[in-house]
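These numbers come from a predicted model, not from an experiment.
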Amino acid sequence: MRTPSITLLTAAVACLLPACGSGGGGDNVRAPTPPPALPPPPPPAAAPIGPCPPPVLADCVVSDNAIMLGGRTSGHALIVRGQYRELVLGRDDPSLDTTLGWGTYTFSRTAVELGSLSIRAGNTLSSPLVEVGPDGYLSLGGGLRGAAPDGMIRGTLINRGYASIAGVVMGEVANLGALRLFGQVAGDFDNDGQLEVGVTERDVPLPTLQSNFRQSPTGALVVTLMVDPYGLARDVSTLQVNGEAHLAGTLIVRSFVDGWGEGYPLPAAPYSAQILHADGGVFGRFAQWTSPGLFIEGGLRYGPNDVWLDMTRLSMQSAIASSAQATPAAQAGAGAVDRALEVADRFDPAAATNAARRRFVAASTDLLMESDPARAARRLESLGGAAHARLQHDAHRAAARLAARVDAQLDGRREGEPAGAWSASLDDGGRVHGGDRWLGDGWLVGAAMARGAHVSGAGAHDAGASAGAYLHRRFGSWRATGSVTIGHTTALVRRPVDLGDAGLRTAASQRHLRWTAVHAQASRPFDVAGGGLSPYVGLDHSRVHAGAFGESGDTGWELAADGARIAQSSASFGVRYVREWRLAGSRGVELHLDVRRERRLGTDGTLRGGFVATPGAAFDVVDWTAARDATWAEWSLLGRFGRDWAWSLQGTHVPAAADPVRWQLAFARPW
């Protein structure tokens, strides 16, 4: 009976196996679940990139530009020794693979002997001792607003060179060089060099020393004023000390504004800036402090846990008057700025939406912080608008020289010589055309008109026209001339503005001037060396109407002014010499020489203007550099060639002009 049982079991198994394999059978028969697929293996770790790949079995000495990625672990030293070269540890770009971008670099010690070591945000240098030599530079990056953590140094930092700390130093710091702090230091901080506290925005933590701060008598703490009308940045770079602050040495106060940044001028009333706060108390005093500018004064105020700097604004005019650079132009510019700042004190810094006001307060703050007396004087001299006042003087002088050119033409005219048309060049590049006729008994009447650049020397490119009539009389050996001229000019004035560190900038405007001039002259010719020598004296009077204008630019010191009427008188004396050499036929060559000296007798009327941002603070626009006396000379050779052609070679010398000597060669032919 055993055999049939085995046979039946074998048959049952034989029956079930095909059913399983074919998927048949009853509903209670299911295929077993296959095991889950294994996950793909992780990618192999990227090999470290850069110098000193692991294993680092000796000191890692870097003497060229390099980027070290992937971290390092070594019982040896890291030494940076490359002049003008930089070693960068890690990357702070979060879009990169963090396996390569951020890492920890562990060495027994680190020395930056020559060149630069830059530790990017998200990376850590772990080294018991980090030393920066006198010719070394260390940069520790700060976090990227959540995209990357702060860069970090784990160890003691000794700086004898230059360092910028925006990350975290988890150790003590001994500063014997120059160090800028934006981040944090966990250990004690000893300052025997220069520690500059960085300016931060209001939503960024203050530069912080989490333990104690000690400054020796040789140390200097540098803080920066940053009075921001938008309220984004703090007013001053305050140092936060969580422990005790032991003070000595020097406090240096600087200004952040450089002429193009945003700032706000210190008001006339005292203004207080918090320099330092120490949770554990303030001990000792700074031995001295330096004012941020020539026009700022104040003092330090100490509390149990704080140090405050109380400041006030000085009168620029009073301050510059006591210096050796107190020129009249500088004092006038200082007075103009003082009046403008009184108006600016009433500006609302929280609503600084006016572009002209923003530029003005930034520029004026930068000027208040100027520390060089000579440069302060130059900057103030550039603010008074002397170029505009000079334009009126140049208009008067141009009218006088036009009349003198007519006089020179008449001196060369022989009595009885047929009158007619004539043409001559002016010393400023323009030309004058005239025509006259004899009336008999020594009387000659004529008219002249001129076109060209009549007004120059005020930083102006201009074009104008004038016309007038003249009457000439000869009696005996004497000659007399009188003339009346009217004219106008349109000038593009480019006034240079000195912004200190920001350099020279330009404030531009278009000026329109009309003028009427009266001229009288008497002369007596003598025969000298084959020619005529004519000493003369003259008198000129002009009335100039200067139209209103407003400058454009981005200096903060643009001017605007209403129209003005200015009268000016001057006297002159000089000598002219005319000689002619006859050549073949009717051709000849003439020499004309004129040397004169002018003296300004008086001026009636003044142009008044003000800065665009503070129109209510008007001041007199005066050219303090204008000389009362002026000397100039003109010479020319005139001749003819061909049938109808004439030529002239002319030169002028004006010692006080920016371009004192000018030459002009001209050809003319009547049509």
Side-chain angles (χ1 to χ4, degrees), residues 389-411 413 422 424 426-428 430-437 439 442-457 462 464-475 478-489 491 512-524 534-547 563-574 576 594 596-607 623 626 628-630 632 634:
R390 196 174 304 130
L391 199 64
Q392 281 82 250
H393 298 321
D394 287 348
H396 171 84
R397 188 159 291 165
R401 289 179 181 172
L402 174 61
R405 193 68 189 88
V406 174
D407 291 334
Q409 185 69 27
L410 296 177
D411 269 358
R413 185 73 55 79
W422 55 271
L426 297 172
D427 68 315
D428 56 14
R431 289 194 66 82
V432 57
H433 307 274
D436 46 40
R437 62 177 298 173
L439 300 178
W443 290 92
L444 181 143
V445 65
M449 63 178 296
R451 189 169 186 84
H454 294 303
V455 182
S456 58
D462 30 44
S466 59
Y470 55 87
L471 183 65
H472 181 70
R473 175 76 163 104
R474 297 186 177 183
F475 45 95
W478 289 90
R479 301 176 181 183
T481 304
S483 64
V484 177
T485 307
I486 59 173
H488 71 87
T489 186
H512 301 280
L513 290 87
R514 302 192 308 272
W515 42 269
T516 302
V518 178
H519 168 77
Q521 180 188 276
S523 63
R524 187 183 189 287
S534 301
Y536 62 86
V537 294
L539 184 65
D540 292 274
H541 179 78
S542 67
R543 296 187 66 85
V544 178
H545 177 266
R565 287 180 171 84
I566 297 126
Q568 185 172 325
S569 300
S570 65
S572 62
F573 65 92
R576 295 190 190 91
D594 189 351
R596 71 156 48 190
R597 184 168 181 83
E598 298 175 349
R599 163 159 289 195
R600 190 167 70 241
L601 300 179
T603 301
D604 183 19
T606 303
L607 180 68
D623 180 16
R628 185 179 181 186
D629 297 328
W632 64 281
E634 181 180 36

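- To the nearest 0.5 Å, atoms CD (Gln392) and NE2 (His545) are separated by 10.5 Å.
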Determine, stepwise, if the pair Tyr470 / Asp407 fulfils side-chain hydrogen bond (donor to acceptor under 3.5 Å, both in side chains). CA-CA 9 Å; Tyr470 55 87; Asp407 291 334; over 6 Å; no
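- The number of heavy-atom neighbours closer than 6.0 Å to CZ of Arg565, taken from other residues, nucleotides and ligands shown, is 12 or below.
- Note that CG of Leu391 is 5.0 Å distant from CG of Leu513, once rounded to the nearest 0.5 Å.
- Taking every heavy atom of both residues into account, Thr603 and Ile566 meet most closely at CG2-CG2, 3.6 Å.
- Residues Tyr536 and Gln521 come closest through the heavy atom pair CD1-OE1, 3.4 Å.
- Going from atom CG of Asp604 over to atom NE2 of His541 covers 8.5 Å, rounded to the nearest 0.5 Å.
- In this structure, Leu539 and Ser570 approach most closely via the heavy-atom pair CD1-O, 3.5 Å.
- A side-chain N or O of His472 and one of Arg474 form a donor-acceptor pair less than 3.5 Å apart.
- Atom CH2 of Trp443 sits about 8.5 Å away from atom CZ of Phe475, to the nearest 0.5 Å.
- Heavy atoms of other residues, nucleotides or ligands lying less than 6.0 angstrom from CZ of Arg437 number 12 at most.
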Steps toward side-chain contact (heavy atoms from CB on, under 4.5 Å) verdict (Val406, Thr485): CA-CA 11 Å; Val406 174; Thr485 307; over 6 Å; no
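- Heavy atoms of other residues, nucleotides or ligands lying less than 6.0 angstrom from CG of Leu439 number more than 12.
- Residue Arg473 qualifies as enclosed at atom CZ: its count of foreign heavy atoms under 6.0 Å is above 12.
- Between atom CZ of residue Arg600 and atom OG of residue Ser569 there is a gap of 11.0 Å, rounded to the nearest 0.5 Å.
- Closest approach of Ala403 to Asp540, counting heavy atoms only: CB-OD1, 4.5 Å.
- With a 4.5 Å cut-off on side-chain heavy atoms, Val544 and Gln568 do not count as touching.
- To the nearest 0.5 Å, the span separating NE2 on His433 from CH2 on Trp422 amounts to 9.5 Å.
- Heavy-atom minimum distance, Leu410 versus Arg479: O-NH1, 4.2 Å.
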Let's go through Arg596 and Arg576 carefully: what are the C-alpha distance in whole Å and the side-chain angles of both, what is the deciding distance for side-chain contact (heavy atoms from CB on, under 4.5 Å) to 0.1 Å, and is it a yes or a no? CA-CA 9 Å; Arg596 71 156 48 190; Arg576 295 190 190 91; 4.3 Å; yes
